[in-house]
Amino acid sequence: MANIDEYGGGQHTPDVLVVTTNDVPGYRVDRIIGEVFGLTVRSRNIGSQIGAGLKSLAGGELRGLTKTLVESRNQAMDRLVEQARARGGNAVLMMRFDVTEAGGNGTEICAYGTAAVISPLG
């Protein structure tokens with residue numbers, strides 16, 4: 001079994017809760033701050049591209065590219081959390097990822113959502 005941090009992602013910062021939902025069960029939304037995003041653009045690594053090309057001939061997972069994408073998504077998410085925290089938020093609601101080609105030279109990964117202040121009910 002591979003190390004989960006190599007092939008998975010998710011939240012690592014307990015002070016800013018990031019969710020893909022409109023609300024958080026057991027919490028109320030006290031204030032909406034607004035849209036926040038974290039962005040990273042990664043260039044293609046010639047070594048991993050050659051390896052991926054060879055692997056694609058035989059089929060199967062492109063592990064090097066998977067790890068790179070996980071690292072990129074985690075970096076975008078960390079930047080999203082930094083933006084929410086800097087604007088006074090302790091939560092990001094409706095978080096999404098957007099991944100696009102960046103001029104044929106790389107990949108743009110954007111994590112975005114709505115920064116908010118939430119507090120526990122009762």
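On a predicted model such as this, the values are computed, not experimentally measured, just so you know. Computation of the quantities below employed the complete heavy-atom set of this structure, encompassing side-chain atoms and omitting hydrogens, waters and symmetry-equivalent molecules.
- Within the 4.5 Å cutoff, the side chain of Val19 has no heavy atoms near those of the Met95 side chain.
- The hydrophobic cluster containing Val117 also includes Ile33, under a criterion of side-chain heavy atoms closer than 4.5 Å among ILVMFWY residues, counted directly or through chains of members.
- Side-chain N or O atoms of Arg28 include none that pairs as donor or acceptor with a backbone N or O of Gly122 at under 3.5 Å.
- Residues Phe97 and Ala111 come closest through the heavy atom pair CE2-CB, 3.8 Å.
- With rounding to the nearest 0.5 Å, the separation of CG in Asn90 from CD1 in Ile118 is 5.0 Å.
- Applying the salt bridge (charged side-chain N to carboxylate O under 4.0 Å, His left out) definition to pairs two or more places apart or across chains, none involves residues 104-122.
- The CE atom of Met94 sits 12.0 Å away from the CD atom of Glu35 when rounded to the nearest 0.5 Å.
- To the nearest 0.5 Å, atoms CD1 (Ile109) and CD (Glu71) are separated by 11.0 Å.
- Distance OG1/Thr40 to CG/Asp78: 10.5 Å, rounded to 0.5 Å.
- By the 4.5 Å heavy-atom criterion applied to side chains, Thr114 and Val92 are not counted as neighbours.
- Using a 4.5 Å heavy-atom threshold, the side chains of Val24 and Leu93 count as touching.
- Checked against side-chain contact (heavy atoms from CB on, under 4.5 Å), Phe37 has the following partners two or more places apart in sequence or in another chain: Leu39, Cys110, Tyr112.
- The closest side-chain heavy-atom distance from Arg85 to Gln83 is not below 4.5 Å.
- Counting heavy atoms from C-beta outward, Thr107 and Val41 have side chains that stay 4.5 Å or more apart.
- When all heavy atoms of Ala91 and Ala84 are compared, the pair lying nearest together is O-CB, 4.5 Å.
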